[in-house]
Amino acid sequence: MTTVRTPAGWPATEEQARAVQDDLRGGVVLDETGPLPGSGRVTGVDVAYDDERGVVAAAAVVLDAVTLDVVAEATAVGEVSFPYVPGLLAFREIPTVLAALDALSCAPGLVVCDGYGLAHPRRFGLASHLGVLTGLPTIGVAKNPFTFTYDDPGPARGSASPLLAGTEEVGRALRTRDGVKPVFVSVGHRVSLDNACAHTLALTPGYRVPETTRRADSLCRRALAEVTLQEGGPIV
DNA sequence: GCGACAG
DNA sequence: ATCTTGTCGC
């Protein structure tokens, strides 16, 4: 498994991190429709933390978009490169996620992030950031509405309503299971919002959260537990 | 100024 | 994110 240190020149302050976002934001491509939903490959990425030890583990799991079978998977561990600050989540996750993606034996296709893309205070969330750095089509599927507002979608799976920053639609509250709290979908890079929602529905035949995220979540937890046990019980 | 706030 | 067992329900 690959190990990652915080990259040289990585932002050390919130001000620096926000400057990086302002600098990279122009690289986001919003006028592409993206891969056809339900075809090709779809990759989920997620990370797990042990803040006590400053360790982070990331996982990337590639699924066949039709069967949702696992095609490839990879993990990476690293040191926590930034504290959790709402709006700056990407700086905490990206180095290790990039390493996991690099370790894959095949092309990722569409990347599904656990978090936001365009739906972000500066319109540059984790999915946008990862998309710009890799050039890959990305979307964000979050479990919470963050600071945004929305009207509750209809009760049936597939119902959606705009996710709003004031009057601007930055994403969509999408019901993936009948009568269950919606997920919050936003565009990352090179994918339209309609397609982002279609992909999300294709990835949720049985659970609220996309299969990609579920697979990546369990894999990165296992990877973290592995290193955490290796380093011995109590904090070293 | 205070509270809220993806993971 | 993470701390955490059993339990109610389909």
Side-chain angles (χ1 to χ4, degrees), chain A residues 11 14 17-18 20-21 25 28 44-61 75-98 100 111-131 138-150 157 163-166 168-174 176-189 193 196 200 205-210 212-225 227-229 233-235:
Chain A
E14 297 183 23
R18 284 190 292 268
V20 170
Q21 292 181 330
R25 185 172 42 207
V28 175
V45 293
D46 194 18
V47 302
Y49 301 98
D50 183 337
D51 276 307
E52 295 291 279
R53 293 192 181 72
V55 176
V56 52
V61 181
T75 58
V77 294
E79 49 184 33
V80 172
S81 50
F82 210 82
Y84 173 66
V85 178
L88 300 177
L89 178 64
F91 295 93
R92 197 168 158 73
E93 313 209 328
I94 276 189
T96 321
V97 166
L98 286 177
V111 178
V112 180
C113 298
D114 191 7
Y116 280 119
L118 242 201
H120 177 274
R122 288 168 294 283
R123 305 295 176 268
F124 195 72
L126 171 63
S128 318
H129 202 144
L130 190 62
T138 62
I139 67 173
V141 180
K143 298 181 287 296
N144 294 291
F146 201 10
T147 62
F148 305 105
T149 60
Y150 65 100
R157 162 177 157 87
L163 185 65
L164 301 172
E168 178 185 359
E169 180 176 10
V170 293
R172 215 161 272 166
L174 177 66
T176 54
R177 302 291 297 162
D178 289 353
V180 174
K181 174 180 175 174
V183 296
F184 305 90
V185 179
S186 63
V187 160
H189 185 58
L193 183 54
T200 302
Y207 295 89
R208 176 171 89 110
V209 168
T212 38
T213 300
R214 301 183 69 247
R215 290 309 222 308
D217 180 77
S218 77
L219 181 56
C220 70
R221 288 188 201 223
R222 273 178 279 150
L224 181 65
V227 292
T228 256
L229 292 177
I235 304 154

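No hydrogens, no waters, no symmetry mates; every other heavy atom, side chains included, goes into these values. Letters go in sequence order (proteins before strands), and every chain restarts at 1.
- Using a 4.5 Å cut-off on side-chain heavy atoms (C-beta onward), A/V80 and A/D50 make no contact.
- Residues A/V55 and A/T228 form no side-chain contact, since every pair of their non-hydrogen atoms from C-beta on lies 4.5 Å or further apart.
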Strand DNA chain C as a dot-bracket string - pairs counted if Watson-Crick or G-U with both distances under 3.5 Å, | where the partner lies in another strand: ..........
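- At a non-hydrogen distance threshold of 4.0 Å, A/Y84, A/P86, A/G87, A/L88 from residues 80-88 of chain A come into contact with DNA chain B.
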Quick one: do A/D46 and A/R214 satisfy salt bridge (charged side-chain N to carboxylate O under 4.0 Å, His left out)? Show the steps, please. CA-CA 9 Å; A/D46 194 18; A/R214 301 183 69 247; over 6 Å; no
Under 3.5 Å donor-acceptor pairs involving side-chain atoms of residues 179-189 of chain A, not counting sequence neighbours:
from, atom 1, to, atom 2, distance (Å)
A/K181, NZ, A/N144, OD1, 3.3
A/S186, OG, A/G117, N, 2.8
A/H189, ND1, A/V29, N, 3.1

I'd like a list of close polar pairs between nucleotides 1-5 of chain C and the protein, N/O only, cut-off under 3.5 Å.
from, atom 1, to, atom 2, distance (Å)
C/dA1, OP1, A/R221, NH2, 3.3
C/dA1, OP2, A/K143, NZ, 3.3

Dot-bracket for DNA chain B, 5' to 3', Watson-Crick and G-U pairs with both distances under 3.5 Å, [ ] for crossing pairs, | for partner on another strand, reads .......
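- Contacts between chain A and DNA chain B, taken as any atom within less than 4.0 angstrom of a protein heavy atom, begin and end at B/dC5 to B/dG7.
- With sequence neighbours excluded, the residues forming a side-chain contact (heavy atoms from CB on, under 4.5 Å) with A/V20 are A/P11, A/L24, A/F91, A/H129, listed by chain and number.
- Among residues two or more places apart in sequence or in another chain, the side chain to side chain donor-acceptor pair (under 3.5 Å) test is passed with A/T149 by none.
- No side-chain donor-acceptor contact under 3.5 Å links A/R215 to the backbone of A/V45.
- A/T96 and A/G78 make their closest contact through CG2-N, 4.0 Å (heavy atoms, listed as atom of the first residue, atom of the second, distance).
- Looking only at side-chain heavy atoms (C-beta outward), A/Y116 and A/L163 come within less than 4.5 Å of each other.
- Sorted by first and then second residue, the salt bridge (Lys or Arg N to Asp or Glu O under 4.0 Å) pairs with a member in residues 79-92 of chain A read A/D51-A/R92; sequence neighbours excluded.
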Should A/R123 and A/V170 be marked as a side-chain contact (heavy atoms from CB on, under 4.5 Å) after you check the CA-CA gap, both sets of side-chain angles, and the distance that decides it? CA-CA 8 Å; A/R123 305 295 176 268; A/V170 293; 3.6 Å; yes
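- Take A/R208 and apply the side chain to side chain donor-acceptor pair (under 3.5 Å) test, not counting sequence neighbours, and it matches no residue.
- For A/D217, the side chain to side chain donor-acceptor pair (under 3.5 Å) partners are A/R221, not counting sequence neighbours.
- A/T138 places a side-chain N or O within 3.5 Å of a backbone atom of A/A127 that can act as its donor or acceptor partner.
- Residues satisfying the salt bridge (charged side-chain N to carboxylate O under 4.0 Å, His left out) test with A/R25, not counting sequence neighbours, are A/D22.
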